[in-house]
Number of protein chains: 2
Amino acid sequence: MGATDDSGAAVTTATSPRELAHPARDEIRLEGVLHALSDPMRLRVVRELAAAGAEVSCSSIELPVTKSTTTHHFRVLRECGVIRQVYRGTAKMNGIRRADLDALFPGLLDTVLSAAENQAARLENP
Amino acid sequence: MGATDDSGAAVTTATSPRELAHPARDEIRLEGVLHALSDPMRLRVVRELAAAGAEVSCSSIELPVTKSTTTHHFRVLRECGVIRQVYRGTAKMNGIRRADLDALFPGLLDTVLSAAENQAARLENP
DNA sequence: GCAGTCGTACGATAACCTTCGTAGTACGGC
DNA sequence: GCCGTACTACGAAGGTTATCGTACGACTGC
């Protein structure tokens, strides 16, 4: 009910009622992206999405939190412009907005991902 | 007193009582750095410190907040391992821990700084 | 149509973060 | 010794966040 006209201005052509609102490319803010990536759960999600490469359903990424919390983290990532979410039947597919992020902040995503991998390797082999 | 043995393990050779505790290089976490940089005030501080290059006193960076809040942000930056703070008379000098950050997360700081500059230019000329 | 799976919405709670004001400490100059 | 400057510590208000549980809506398969 009334999902498109009362809340946000950056609704990217919501044709179906079951469409999700994403920020446009020039609505994405660096601070928001950094904040989204500064949470361990969300950084883990982004790393798995980047490793998968293609679209991945929410439930295929296992997190040590409840489903409600998982939904919350995916929503934060979407609203900060880091991932794109599309309904596909009963599942919701997730993918990194690599083109938008690379255009706005060249190299940022790759640098953060490799930094995360460096740190993970360092914490496993001390 | 007893400032060195009860709270933390990573106290970098505190000789004087007026020494500040910094995390050691391998205590710095990527999530902490990203969180520190995700605040507009702190990102601004880091940008000015990077532009200055050398050590800068706290009061030479003007922020639209009170001095208490400024102290708080500098402390967060220090505790996350982004800056190094040293007392120098009545002033406290601040510098970016570039060597440590570059060793842990190669390219991260420069990428974030250039992303911040890109965004600032984009927001000024829309 | 019915049941099962996938994900959402809403309420609640506890923790955290940002900001401020005030009071206080350390250092340098008179 | 005394005062001014630079910064800190503490307490508090206000908002945001992360987490959970439960109840609900959407789609698929029988």
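All values below come from the heavy atoms of this structure, side chains included, with hydrogens, waters and symmetry mates left out. A quick note: this is a predicted structure, and the numbers were derived from the prediction, not measured. The sequence lines fix the lettering, A, B, ..., with proteins before strands; numbering per chain opens at 1.
Side-chain N/O atoms of A:Arg42 include one lying less than 4.0 angstrom from OP1 or OP2 on D:dA18. Under 4.0 angstrom from either OP1 or OP2 of D:dA9 there lies at least one side-chain N or O belonging to B:Arg75. Distances shown here put a side-chain N or O of B:Ser59 below 4.0 Å from the OP1 or OP2 atom of D:dC7. In this structure, A:His73 does not reach the D:dT17 phosphate: none of its side-chain N or O atoms is under 4.0 Å from OP1 or OP2. Between B:Ser68 and C:dG21 there is no side-chain N or O to OP1 or OP2 distance below 4.0 Å. Using a 4.0 Å cut-off, some side-chain N or O of B:Thr69 falls inside it from OP1 or OP2 of C:dC20.
Nearest nucleotide to the side chain of B:Thr66, out of C:dC20, C:dG7, C:dT18: C:dC20. With distances taken from any side-chain atom of B:Thr90 to the nucleotides D:dC7, C:dC27, C:dG7, the minimum falls on C:dC27. The side chain of B:His72 lies closest to C:dT18 when the candidates are D:dC20, D:dC27, C:dT18. Ranking D:dA6, C:dT19, D:dT17 by closeness to the B:Met41 side chain, first place goes to C:dT19.
In this structure, CD of B:Glu62 is placed 14 Å from C1' of D:dA6, rounded to the nearest angstrom. Regarding A:Phe74, its CZ atom lies at a distance of 14 Å from the P atom of C:dC6, rounded to whole Å. For A:Lys67 and D:dA26, the NZ to P distance is 16 Å, given to the nearest whole Å. Distance B:Arg88 CZ to C:dG28 P: 11 Å, rounded to the nearest Å.
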